[in-house]
Amino acid sequence: MMEQKRKDNGVAAMAVCYEKFDPAAYLQYNYTPPRADFERKDSIVPWKLACLHRAFTEGDVSGELLVDIGSGPTLYQVLSGCEVFNKVLLTDFLDVNRQELKRWLRDEGGCNLDWTPYLQHVCKLEGRRPSEWTEKAAKLRQVVLDVVPIDVHCSQPLAPDVLPPSGADCLVSCFCLESVSPDLPSFTRALGHTRKLLRPGGHLLLIGALGESYYFAGPGVRIPVVPLDEAQVCASLKESGYTLIRLEVYTLPPDMRVGVDDVTGVFFLKAVNQ
């Protein structure tokens, strides 16, 4: 009983941390140069986009429905997937993030980041002209079904009837689980909860922070993170019932450490729900 109360308190404390989350500041900190410098091979955003492009185009990831777990205010994580899946579902715990995504999807302006360079870069990865980014944007707007609430700490993270009974064909999740979990067991449980959304044989594409204990989600808004290493990520994955296909690691060059967090590296993994 005490153990359950401690778990609940930890998760509740994390939810309080997120009450002041500022999408505009978060995007500015993480999704502009130097971290999003498309002229540099060693910039973190191009590395993430290359990992996702490769994972979605290797031929084993397929089906109808892609679900993004904890989208935040970002879209980059589904720019390759929207070419493979006819249906994409975006999710986030915070209404401010869901509204940010809906503004872009409705093409009504007022977004806190211009996603054009991202769309152009992924077009290049796909062997298309960067000028075709408008078609890619239209495709993404067409295939996104909705932006819905999610809570990865609930045993059923999504509302009933959001997904078909068979589940999603693929899950993608970037910098969500370690950023909303008070400790490693909570991270592992959240990984297990989200696995329930995925059909047997479906794929998980997971990107997350290594060695990170906090990040800023706005001026003075410091959010704690579970500091993970590669071995812990692999152990949590196995405990949750996944089989690892590939794990890749990016180490931040000194000039990518811009003072908005203490992250040392980023992992990308591809796994299958056996």
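FYI, side chains are in, hydrogens and waters are out, and symmetry mates aren't considered; it's all heavy atoms of this structure. Numbers for residues simply follow the sequence, beginning at 1. Bear in mind that the values here come from a model prediction, so they are computed numbers and not experimental data.
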Same cluster for F175 and V258 if Ile/Leu/Val/Met/Phe/Trp/Tyr side chains link at under 4.5 Å? no
Test your reading of the model: is there a side-chain donor-acceptor pair from S181 to the backbone of E178, 3.5 Å cut-off? no
Quick check, are the ring centers of Y250 and F268 under 6.0 angstrom apart? no
Heavy atoms from other residues, nucleotides or ligands near NZ of K87 exceed 12 (cutoff 6.0 Å): no
Between T91 and I150 (side chain of the first, backbone of the second, donor and acceptor by atom type, cut-off under 3.5 Å), is there such a pair? no
Do the side chain of S80 and the main chain of V122 share a donor and acceptor less than 3.5 angstrom apart? no
K196 side-chain N/O to Q156 backbone N/O, donor-acceptor pair under 3.5 Å: no
Are L89 and V144 close enough that some pair of their side-chain heavy atoms sits under 4.5 Å apart? no
What about L66 and L163, same hydrophobic cluster or not, with Ile/Leu/Val/Met/Phe/Trp/Tyr joined at side-chain heavy-atom distances under 4.5 Å? yes
Does F267 share a hydrophobic cluster with I245, counting links as ILVMFWY side-chain heavy atoms below 4.5 Å and allowing steps through other members? no
Tell me whether H53 contacts the main-chain N or O of L125 through its side chain, where contact means a donor paired with an acceptor under 3.5 Å. yes
Would you say the side-chain atoms of R141 pair up with the backbone N or O of R106, donor to acceptor, closer than 3.5 Å? no
Before giving the answer on side chain to side chain donor-acceptor pair (under 3.5 Å), spell out for N273 and R195 the whole-Å C-alpha distance, their side-chain angles and the decisive distance to 0.1 Å. CA-CA 7 Å; N273 180 17; R195 179 176 166 249; 2.6 Å; yes
K238, NZ: over 12 other non-hydrogen atoms inside 6.0 angstrom: no
Determine, using ring centers only, whether Y31 and Y29 are less than 6.0 Å apart. no
For S71, is there any backbone N or O sitting under 3.5 Å from a side-chain donor or acceptor partner on T74? yes
Is it possible for you to say whether L177 and Y214 belong to one hydrophobic cluster, with membership spreading through side-chain heavy-atom contacts below 4.5 Å? no
Check whether any side-chain N or O of S236 sits under 3.5 Å from a backbone N or O of T188 as a donor-acceptor pair, and report yes or no. no
Counting N and O atoms only, with roles assigned by atom type, does the side chain of Q99 sit under 3.5 Å from a partner on the main chain of V96, one being a donor and the other an acceptor? no
Look at the side chain of K124 and the backbone N and O of R129, then say whether any donor-acceptor pair between them is shorter than 3.5 Å. no
Describe, in one word, how the ring planes of Y215 and F21 are oriented to each other, choosing from parallel (under 30°), tilted (30 to 60°) and perpendicular (over 60°). perpendicular
Would V152 and V11 show up in the same hydrophobic cluster when neighbours are defined by side-chain heavy atoms closer than 4.5 Å? no
With a 3.5 Å cut-off and no angle check, do the side chains of S213 and D262 form a donor-acceptor pair? yes
By the definition side-chain contact (heavy atoms from CB on, under 4.5 Å), identify the one residue from L79, L75, L140 that meets it with W115. L75
Just checking E39: does its CD atom have more than 12 heavy atoms from other residues, nucleotides or ligands closer to it than 6.0 angstrom? no
Is it the case that over 12 heavy atoms from other parts of the model lie below 6.0 angstrom from the CG atom of D95? yes
